Each structure stands twice: as C-alpha cells, then as structure tokens.
Amino acid sequence: MVVEALACGAPTLVTDCCYGPKEIVEHGESGWIVPRDDVAAFGKAMDTILTHPELAARFSAGGKRRALQFDVDKMVLEYTTLFIEQAVTRRAAMAPRIGALQSAWS
C-alpha cells in the first residue's frame, strides 16, 4: 500500500519495521519514516506534514518519482536478474558435488 500511496501523490508517513517501508520511502524526500511504536513521533510528524504545505508538496512530488522505481516491468526485470544471478551462483557452488556424483556413476 505504500507504493500506491506514493503513486497517488499522498504525502507519505510510515513507521519503520524490519522490512518494507524503509526500502520504499526515502526519508525526507518521498515521505517520512518514524520509529515503530513511537506514537509521539508519529503524531509530531503528522502535525508537521499537515501544517507545512510546502513539505507535503515536496513529499507528494518525491513520492510520485519514487513510485516509478516500482513499475511492474522494472520489478519483473529486477526479479528475473536476481533469479538468474542466484541460479548461476548456486550452479557454480554445486559444480564440485555434481562432478563427484558424475564420477561415482561412471
């Protein structure tokens, strides 16, 4: 939902967690990231964004730009590249074992 918010131009405020938001939102550029479980920080950040239209506009524009990095075609290419790299790496790591098995079967 974070990428969708960015793509829609919503000034985005997220909480940090183990994965996700900090990989998507560029703090201070496409939105703000506050510590998880820090209600005061979240409230202060929300108030700041709501009372500073220039900041909200900056996050809106930055969010739209950032959302382009998560385009479906781009993501498919990224995943395909990752899978190919992993396959090549794993094949190279398995080569000695495969050679030993082939020798044993010969």
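Quick caveat, the model's predicted, so the values are computed rather than measured. Residue indices begin at 1 and follow the sequence shown.
- Applying the salt bridge (Lys or Arg N to Asp or Glu O under 4.0 Å) test to residues at least two apart or on different chains, none of the pairs has a partner in residues 41-54.
- In this structure, the side chain to side chain contact (heavy atoms under 4.5 Å, CB included) partners of Arg66, at least two apart in sequence or on a different chain, are Leu6, Glu26, Ser30, Gln69, Phe70.
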Donor-acceptor pairs under 3.5 angstrom involving side-chain atoms of residues 76-85: please list them, not counting sequence neighbours.
residue: Thr80; atom: OG1; partner: Val76; partner atom: O; Å: 2.7
residue: Thr81; atom: OG1; partner: Leu77; partner atom: O; Å: 2.9

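- Hydrophobic clustering (side-chain heavy atoms under 4.5 Å, transitive across Ile, Leu, Val, Met, Phe, Trp, Tyr) keeps Ile33 apart from Met46.
- Shown here are the side chain to side chain contact (heavy atoms under 4.5 Å, CB included) partners of Pro35, two or more places apart in sequence or in another chain: Asp38, Ala41.
- Applying the ring pair (Phe, Tyr, Trp, His ring centres under 6.0 Å) test to every pair with at least one member in residues 45-67, sequence neighbours left out, gives these pairs: Trp32-Phe59.
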Give the table of side-chain donor-acceptor pairs shorter than 3.5 Å for residues 7-25, with sequence neighbours excluded, one pair per line with atom names and distance.
residue: Thr12; atom: OG1; partner: Ala10; partner atom: O; Å: 2.8
residue: Glu23; atom: OE1; partner: Gly20; partner atom: N; Å: 2.6

